[in-house]
Amino acid sequence: MNIDMHVHTSFSDGDYTPRKIVRMAKEKGLKLIAITDHDECRGYGETAGKDEWITVCPGIELASKFKGEVHVLGLCIDWRSAALLKHIEGVAQLRKHRAESMIKNLNTAGVGVTIEDVKAECEGEIVGRPHIAAALVKKGYASSPKEAFIRYISKRSPYYVPFDKISVKGAVGLIEKAGGRAVLAHPGLINKEAIEYLFPKLSDMGFWGVEAYHPRHSNAQCEEYEKRAKAQGLFVTAGSDFHGSAKPDVELGGERRGGEYLEESVEALVPFLPLGKL
Ligand code: AMP
Ligand code: ZN
Ligand code: FE
Ligand code: FE
């Protein structure tokens with residue numbers, strides 16, 4: 001299907017503004033995209049939402065914690081929801097402090113990157129590790145964001161600092177409060193123990209769907225997650241998780257797998273999309 005339900009913009013750690021993303025998506029012939037920035041939903045406000053060629057779904061990707069990190073997508077949210085905006089403002093502060101701590105760690109190890117270098121990479125309020133990676137590349141400490149992650153800022157690195165995250169239940173609750181549908185993002189990237197515990201409970205926890213189709217999932221994984229989602233009455237979604245240069249091998253609209261069940265999900269979302277149609 002010509003859709004992409006997981007896209008990052010410059011409001012978090014993507015390269016392109018929401019407006020540019022919409023233009024690019026139109027050029028690719030996509031019919032529907034969801035703007036799902038990390039802990040940020042205001043990018044949607046910069047898109048027209050709907051025109052003759054493409055529908056934009058207001059969304060978010062909330063970072064939550066359960067035996068590690070679990071990402072929860074919110075689709076068709078009210079991006080002006082007071083509860084959601086309060087949450088993302090809090091997370092923005094935590095992320096700023098966390099970036100400062102990581103910079104301090106790097107400086108102690110003799111890596112001369114400053115918080116100003118990192119801020120120069122950020123257009124929005126959300127500071128993420130990809131911004132630190134970009135600053136490290138610019139300063140010549142790594143030849144690519146990927147190398148910067150491996151050498152300096154991966155979870156295994158001694159310089160890594162986490163930021164406090166809400167629970168998975170808390171994330172689902174926030175999305176519900178904002179009138180949206182909660183989708184478990186890229187289950188294939190979640191810690192095995194966490195996913196085996198969470199998966200059978202998703203429906204009871206209030207999830208609407210599972211992102212069965214994601215570029216980092218093998219065909220076998222896509223099939224498995226779809227089967228397990230359908231078995232508990234959940235919908236499936238597909239998203240590229242497009243960022244731009246942070247993930248150079250991923251194309252906007254590049255996750256093209258998914259069949260009937262994906263069509264069914266899009267149909268189920270239609271009444272909640274801007275203007276209620278595709
Ligand atoms: P943060 O939320 O600040 O901890 O940053 C996590 C984000 O960094 C992820 O959502 C990805 O977009 C990106 N990321 C994580 N690992 C890598 C990697 N090895 N190479 C490039 N980007 C990565
Ligand atoms: Zn990201
Ligand atoms: Fe994610
Ligand atoms: Fe993402």
Side-chain angles (χ1 to χ4, degrees), residues 6-21 24 35-46 59-65 68-69 71 73 85 87-166 185-186 189 215-216 239-252:
H6 187 158
V7 181
H8 293 272
T9 78
S10 54
F11 272 68
S12 64
D13 54 3
D15 288 349
Y16 305 103
T17 63
R19 241 183 246 196
K20 172 84 178 157
I21 288 284
M24 289 162 69
I35 304 279
T36 54
D37 278 307
H38 297 288
D39 301 313
E40 172 62 277
C41 55
R42 289 167 290 188
Y44 176 80
E46 301 227 327
I60 194 162
E61 181 174 22
L62 291 173
S64 71
K65 64 166 180 238
E69 204 168 323
H71 289 177
L73 294 168
L85 291 172
H87 172 75
I88 66 182
E89 272 156 26
V91 176
Q93 287 310 314
L94 292 175
R95 280 179 169 276
K96 274 188 190 122
H97 294 142
R98 176 263 204 144
E100 284 162 5
S101 304
M102 281 179 70
I103 295 298
K104 238 182 233 160
N105 290 348
L106 287 164
N107 292 163
T108 308
V111 179
V113 67
T114 68
I115 194 71
E116 283 70 33
D117 298 330
V118 175
K119 281 186 183 153
E121 302 297 328
C122 279
E123 283 180 50
E125 300 294 313
I126 298 296
V127 192
R129 283 182 289 155
H131 302 118
I132 303 177
L136 286 164
V137 171
K138 219 168 247 177
K139 284 263 158 146
Y141 289 105
S143 61
S144 67
K146 194 175 171 183
E147 193 196 324
F149 265 88
I150 294 167
R151 292 182 65 174
Y152 302 109
I153 56 177
S154 83
K155 283 187 179 149
R156 284 188 216 110
S157 157
Y159 316 120
Y160 174 79
V161 178
F163 62 95
D164 196 23
K165 298 176 187 76
I166 52 170
H186 45 61
L189 304 188
R216 303 261 308 266
S240 69
D241 209 350
F242 179 72
H243 281 71
S245 57
K247 296 182 182 178
D249 49 329
V250 172
E251 208 188 307
L252 181 63

Asp39 meets the salt bridge (Lys or Arg N to Asp or Glu O under 4.0 Å) criterion, sequence neighbours left out, with Arg95

So which of His71, Glu61, His186 actually passes side-chain hydrogen bond (donor to acceptor under 3.5 Å, both in side chains) with His6?
Glu61

Any side-chain to backbone donor/acceptor pair from Thr36 onto Val7? Under 3.5 Å, distance only.
yes

Gap separating the OG atom of Ser144 from the CG atom of Leu136, nearest 0.5 angstrom:
11.0 Å

Residues forming a side-chain hydrogen bond (donor to acceptor under 3.5 Å, both in side chains) with Arg216, sequence neighbours excluded
none

Shortest non-hydrogen contact from Ala246 to Pro130?
CB-CB, 4.4 Å

Nearest atoms (heavy-atom pairs only) where Pro215 meets Gly239:
CD-O, 3.2 Å

Nearest-0.5 Å distance that lies between atom CE in Met102 and atom CD1 in Ile132
4.5 Å

Tell me if a side-chain donor or acceptor on Tyr152 pairs with a main-chain N or O of Tyr141 at a distance below 3.5 Å.
yes

Output side-chain donor-acceptor pairs under 3.5 Å for residues 158-165, partner residues at least two apart or in another chain, one line each.
unit_1: Asp164; atom_1: OD1; unit_2: Lys65; atom_2: NZ; d: 3.0
unit_1: Lys165; atom_1: NZ; unit_2: Phe163; atom_2: O; d: 3.1

Residues at least two apart in sequence or cross-chain that pass side-chain hydrogen bond (donor to acceptor under 3.5 Å, both in side chains) with Lys138, listed by chain then number, are Glu121

Residues which pass side-chain hydrogen bond (donor to acceptor under 3.5 Å, both in side chains) with Asp15, listed by chain and number, not counting sequence neighbours:
Ser245

Enumerate the salt bridge (Lys or Arg N to Asp or Glu O under 4.0 Å) contacts for residues 96-113, please, sequence neighbours excluded, ordered by first and then second residue.
Lys96-Glu125

Would you please name every residue forming a side-chain hydrogen bond (donor to acceptor under 3.5 Å, both in side chains) with Glu251, sequence neighbours left out?
Lys28

Partner residues of Asp241 under the salt bridge (Lys or Arg N to Asp or Glu O under 4.0 Å) criterion, sequence neighbours left out
Lys247

Please find the pair of heavy atoms, one from Ile166 and one from Ala63, that lie closest to each other, and give the distance.
CG1-O, 4.0 Å

Run the salt bridge (Lys or Arg N to Asp or Glu O under 4.0 Å) test against Glu147 and tell me which residues pass, sequence neighbours left out.
Arg151

Output for pair (Ile103 CD1, Asp117 CG), nearest 0.5 Å, gives 7.5 Å

Under the side chain to side chain contact (heavy atoms under 4.5 Å, CB included) criterion, do Val111 and Lys139 qualify, and how do the steps go?
CA-CA 9 Å; Val111 179; Lys139 284 263 158 146; over 6 Å; no

Here the gap from Leu62 atom CG to Cys41 atom SG, rounded to the nearest 0.5 Å, amounts to 8.5 Å

For Leu94, does its backbone N or O pair with a side-chain atom of His97 as donor and acceptor, under 3.5 Å?
no

Tell me every residue that passes ring pair (Phe, Tyr, Trp, His ring centres under 6.0 Å) with His243, counting only those two or more places apart in sequence or in another chain.
His8, His38

Lys119 side chain near Val127 side chain, heavy-atom distance below 4.5 Å
no

Could you work out, with salt bridge (Lys or Arg N to Asp or Glu O under 4.0 Å) as the rule, every residue matching Arg19, not counting sequence neighbours?
none

About how many Å separate CD1 of Ile115 and NE2 of His131, when rounded to the nearest 0.5 Å?
11.5 Å

Partners meeting side chain to side chain contact (heavy atoms under 4.5 Å, CB included) with Pro18 (sequence neighbours left out):
Thr9, Ser10, Phe11, Glu46, Thr47

Distance (rounded to the nearest 0.5 Å) between Lys155 NZ and Phe149 CZ
9.5 Å

